[in-house]
There are 2 protein chains.
Amino acid sequence: MDVANVPRRRGRPPKAAAGFSETRASLVRAGLVRLTEKGFTATGLDEILKVAGVPKGSFYHYFDSKGAFGTELIDRYGAYFAGKLERFFNDHSRSPLARIEAFIADAEAAMERFAYSRGCLVGNLGQEMGALPEPFRQQLCDVFADWQHRTAGCLRAAQAAGEIGSLHNADNLAAFFWIGWEGAVLRAKLERSGSPLQTFAEGFFTMIRT
Amino acid sequence: MDVANVPRRRGRPPKAAAGFSETRASLVRAGLVRLTEKGFTATGLDEILKVAGVPKGSFYHYFDSKGAFGTELIDRYGAYFAGKLERFFNDHSRSPLARIEAFIADAEAAMERFAYSRGCLVGNLGQEMGALPEPFRQQLCDVFADWQHRTAGCLRAAQAAGEIGSLHNADNLAAFFWIGWEGAVLRAKLERSGSPLQTFAEGFFTMIRT
DNA sequence: CATTTATTAGACGATCGGTCTATTAAATCA
DNA sequence: TGATTTAATAGACCGATCGTCTAATAAATG
């Protein structure tokens, strides 16, 4: 049963094979921007449509609902950062601890680039949970669990390299980091300043080196 | 010029002398509950009105707008916690560090009591800043600054008592605490669990004792 | 009782998320 | 080519809900 042997269907085929569409992609892009800025509830479909230059009718061609759209945004955002963490944490040109520092520096630069107007999509939606459809909860928790797991791996490498005290539990440390880091991102957005990020990062590194 | 000598105005007098009103108070109570749960944007006036058992028309008699209502809620919430911190941090039956631990334990118990459905009003609105009227920003920053200042005082007392290392800067530590603690509250709400609070608190105390 | 003001009641327009039908575009097979 | 089939766009439309406002009512006054 070769895929190539399946007879082509009549009629117009999808624009691209694997569910890809430029229109769809621009909806996702615009959605990510707005949701990192304003969250899910406060963001109307219309403003996303306007930014993306896409008529409303198209939206419901590509997505079943606003909720399904949100689900996809969380997935993409989670995967994007998972990839970013993976890249930083596998950079063997640096020591394990320096990889974490580099990730933080990258995130700080990103927040500054957007004038501290955009936060973390997962943190934003987490804060909104009281007003969000329940299925979002597990999805958001899973993203944090994934990020934490990757971070714990890098911390274990740092431990093996003798960069941080071996009394620490890497999983606890990773949890501590993501709990606090999300707080720092929130605060940086509120104060429009990078100093909360620096304050937290500095404290974190002081802590783990002991 | 005695206040009592001011001639009474004609017409129906206010229900109570000093701007107090049971109706108004119940609006504030209901508002605080909903805003700690769902934030400002996602909370409709109608649901607050319904809980408080107050007709919509009355709301705009007591408050100029939803925004003015929010401003007052932030003030009240900020002052409520300022008082709470003051009580804990002036409790001379405990050591300075134990006072902070007691405050944290109290907050953990409060979150558990509400089944982790309510977060911090200031943190919630901070996250929403992208969608909130600009004047809220300074107000929220000021509340954090106040809480941090009180916390720094207690940390200095702990330093004087030799409970924490003197290399630490108390102001930095207080900033670090509130940055991370808000992250922990957010996460606890998301995961419906107290463990993020415990994870952060434990890490924080480990850190400051060195 | 006429007057004044507190308080309530609900109408109001705007906008929300979501659905719908109609139309246009692009590929197919005969 | 031309009829056919489906992808994709276009935007009118719906009920619900948003925050605001005006008109009416209630309660006190001199």
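As the structure is a prediction and not an experimental result, all values here were calculated from the model. Order of the sequence lines sets the chain letters (A, B, ...), proteins ahead of strands, with each chain counted from 1.
- In this structure, the nucleotide among dG17(C), dT8(C), dT9(D) sitting nearest to the side chain of His61(B) is dT8(C).
- Among the protein residues, Thr41(B) comes within range of no part of the nucleic acid, since none of its heavy atoms lies under 4.0 Å from any strand.
- Between the C1' atom of dT19(C) and the NZ atom of Lys66(A) lies a distance of 16 Å, rounded to the nearest Å.
- Rounded to whole angstrom, the span from the CG atom of Leu27(A) across to the P atom of dA8(D) amounts to 13 Å.
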(message) For Glu47(B) and Arg34(B): C-alpha separation, side-chain torsions, deciding distance, then whether salt bridge (charged side-chain N to carboxylate O under 4.0 Å, His left out) applies.
(response) CA-CA 9 Å; Glu47(B) 57 186 303; Arg34(B) 296 312 247 203; 3.0 Å; yes
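- Dashed line: the shortest gap from a side-chain N or O of Ser65(A) to OP1 or OP2 of dG17(C) is not under 4.0 Å.
- Ring planes of Trp181(A) and Phe177(A): parallel class, angle under 30° (limits at 30 and 60°).
- Atom CG in Asp64(A) sits about 15 Å away from atom C1' in dC20(C), given to the nearest Å.
- A tilted orientation is assigned to the rings of Trp178(A) and Phe103(A), their planes being inclined by 30° to 60°.
- Between Phe63(B) and Phe59(B), the ring planes are tilted. Angles from 30° to 60° get that label.
- Remark: nothing in residues 45-53 of chain B comes within less than 4.0 Å of DNA chain C through any heavy atom.
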(message) Before you tell me yes or no, could you show the steps for Asp75(B) and Gln139(B) under side chain to side chain donor-acceptor pair (under 3.5 Å), namely the whole-Å CA-CA distance, both residues' side-chain angles and the distance that decides it to 0.1 Å?
(response) CA-CA 8 Å; Asp75(B) 272 343; Gln139(B) 200 189 354; 3.2 Å; yes
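- One can place CZ of Phe59(A) at 14 Å from P of dC16(C), the figure rounded to the nearest angstrom.
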What pairs of nitrogen or oxygen atoms, one from the protein and one from nucleotides 10-14 of chain C, lie under 3.5 Å apart?
residue : atom : partner  : partner atom : Å
dG10(C) : O6   : Gly57(B) : N            : 3.2

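- Taking the ring centre of Phe89(A) as origin, the terminal cationic atom of Arg150(A) falls outside the region bounded by 6.0 Å and 45° from the ring axis.
- For Phe136(A) and Phe40(A), the ring centers sit closer than 6.0 Å to each other.
- Taking the six-membered ring where tryptophan is involved, the planes of Tyr77(A) and Phe81(A) are tilted, since the angle between them lies from 30° to 60°.
- In summary, Glu134(A) and Arg137(A) engage in a salt bridge, as defined by a charged side-chain N under 4.0 Å from a carboxylate O.
- Dashed line: the shortest gap from a side-chain N or O of Tyr62(A) to OP1 or OP2 of dT9(D) is under 4.0 Å.
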